Number of protein chains: 2
Amino acid sequence: MSFQKEKAIFTEYIRSKNLKHSEQRQLIMDVFLKTEKHLTAEELYEMVKKKNPSIGYATIYRTMKLLTEAGLCRELHVVDGVTRYEHLYNHKHHDHLICTKCGKFVEIESPRIEELQEKIAKKHGFILTRHRLELYGLCKSCKN
Amino acid sequence: MSFQKEKAIFTEYIRSKNLKHSEQRQLIMDVFLKTEKHLTAEELYEMVKKKNPSIGYATIYRTMKLLTEAGLCRELHVVDGVTRYEHLYNHKHHDHLICTKCGKFVEIESPRIEELQEKIAKKHGFILTRHRLELYGLCKSCKN
DNA sequence: ATTAATATGAAACTCATTATCAACTTGGGC
DNA sequence: GCCCAAGTTGATAATGAGTTTCATATTAAT
């Protein structure tokens, strides 16, 4: 769990864009990588703040944008209007099943659905570039 | 194309909630019903303004919310972060295929995908309440 | 017509996110 | 190690879609 690969990717991205390393970026990346959750900017901010109380909100957003561009992170835009960040590197494509009561996120995968999507797009003469599939409902614990 | 049914539904909704009819509500509903498109609040505002220049933005939002509650309208939240309104009455459930270049909306339908979604939810112990499926790509005209 | 309840438009306010900017780091050349 | 141009930061202002507030205007039941 040292995230060597991810860190190397970020370093390479920084280099390729002639950007610079900074303590803040390292720290935000560390916190993000160590947490296998779908975090909001606010949650990340609170966690990072514990290690560096002078961190600013904007730096969280800026760094998450960089991580996204570097291919380490995916921005999720679910119904509540708040962006969540999830790991992308070494995580194969998936969609989400979300509990509307407790907020639980479950990663789902369905090659059959993907195929059907392609078929539909083709039928309408579209070339698919991406899709969004979210299933909302009540999880096992919340439905009772 | 007189939308008798839709108007009756709205009247009944207004009555059931002890609300009142108003010129503005009628006008906004008319403009919405006559346009078989996925309109934003801004687009509706511009269209309504031509017939009643003193209309306020808030009245558009308030009325669209009422139409949604009455079951005549569905709010669509697609990637650009702007809510769009589409007809719901007499329109069976569908998802969307959206051209990211020209903004074209195509309504799609796939019972097979819906089935698979239910199956996935069930597998994880969820009760599905709704879902969101959007396919993004380039349409026939834009892909060349 | 009276009047109590609801609706309206303008403007203030949210809330997540982005832009601005002066002060501060970073890192490559000496 | 020091310089310094280029990039970064945190605070704060700005943005933009959507909502709330509130004084005034409409509606509809009597």
Side-chain angles (χ1 to χ4, degrees), chain A residues 10-32 38-70 73-85 103, chain B residues 10-32 38-70 73-85 103:
Chain A
F10 192 54
T11 297
E12 172 53 22
Y13 182 76
I14 291 284
R15 200 200 53 70
S16 74
K17 296 277 177 182
N18 289 313
L19 305 177
K20 291 177 178 175
H21 283 284
S22 76
E23 220 182 279
Q24 291 91 330
R25 285 180 181 168
Q26 299 288 347
L27 177 54
I28 294 167
M29 178 169 64
D30 283 354
V31 168
F32 169 68
H38 301 82
L39 298 171
T40 62
E42 193 189 345
E43 287 163 348
L44 278 162
Y45 175 70
E46 291 305 333
M47 293 171 80
V48 171
K49 216 176 167 181
K50 284 178 188 157
K51 301 194 178 178
N52 178 349
S54 69
I55 202 87
Y57 240 110
T59 302
I60 302 288
Y61 281 109
R62 288 187 283 228
T63 304
M64 294 318 289
K65 184 145 288 182
L66 287 181
L67 289 172
T68 302
E69 290 162 9
C73 172
R74 178 158 78 121
E75 297 182 352
L76 279 181
H77 303 278
V78 296
V79 283
D80 63 0
V82 186
T83 300
R84 275 152 220 280
Y85 302 95
Chain B
F10 192 52
T11 296
E12 172 52 24
Y13 182 77
I14 292 285
R15 200 200 54 69
S16 75
K17 295 279 178 181
N18 289 315
L19 304 178
K20 293 176 177 176
H21 283 284
S22 76
E23 219 182 279
Q24 291 89 331
R25 285 179 181 170
Q26 298 289 348
L27 177 55
I28 293 167
M29 178 170 64
D30 283 354
V31 167
F32 169 68
H38 302 82
L39 298 172
T40 62
E42 194 190 343
E43 288 163 348
L44 279 163
Y45 175 69
E46 292 304 332
M47 293 171 81
V48 171
K49 216 175 166 182
K50 284 178 188 157
K51 301 195 179 178
N52 179 349
S54 70
I55 201 88
Y57 241 109
T59 303
I60 302 288
Y61 282 110
R62 287 188 283 229
T63 303
M64 295 318 290
K65 184 145 287 181
L66 286 181
L67 289 171
T68 301
E69 289 162 11
C73 173
R74 177 158 81 122
E75 298 182 352
L76 278 183
H77 303 278
V78 296
V79 283
D80 63 1
V82 186
T83 300
R84 276 151 219 279
Y85 302 96

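In what follows, chains carry the letters A, B, and so on, assigned in the order in which the sequence lines appear, proteins first and then strands, with residues in each chain numbered from 1. Since the structure is predicted, the reported quantities are computational estimates derived from the model, not experimental observations.
Between B:Leu19 and B:Tyr45, the residue whose closest nucleotide on DNA chain C is further toward the 5' end is B:Leu19. Closest-nucleotide positions on DNA chain D for B:Tyr61 and A:Asn52 were compared, and the one nearer the 5' end corresponds to A:Asn52. Residue order along DNA chain D, read from the 5' end via each residue's closest nucleotide, puts B:Arg62 first among B:Lys20 and B:Arg62.
Between A:Lys65 and C:dT18 there is a side-chain N or O to OP1 or OP2 distance below 4.0 Å. The phosphate of D:dT9 has OP1 or OP2 within less than 4.0 Å of a side-chain N or O from A:Arg25.
Closest heavy-atom contact between B:Phe32 and B:Leu67: CD2-CD1, 4.1 Å. Residues B:Arg84 and B:Val78 approach most closely at NE-CG2, 3.7 Å, considering heavy atoms.
For the side-chain hydrogen bond (donor to acceptor under 3.5 Å, both in side chains) with A:Thr83, the qualifying choice from A:His38, A:His77, A:Glu75 is A:His77, the only one to do so.
Comparing D:dT9, C:dT8, D:dA17 against the side chain of A:Ser22 picks out D:dT9 as the nearest. Proximity note for B:Ser54 (side chain, C-beta onward) versus D:dT19, C:dT17, C:dG9: the nearest is C:dG9.
Using a 4.0 Å heavy-atom criterion, one finds that A:Thr83 contacts the sugar-phosphate atoms exclusively.
Taking 4.0 Å as the cut-off between side-chain N and carboxylate O, B:Glu12 and B:Arg15 count as a salt-bridged pair.
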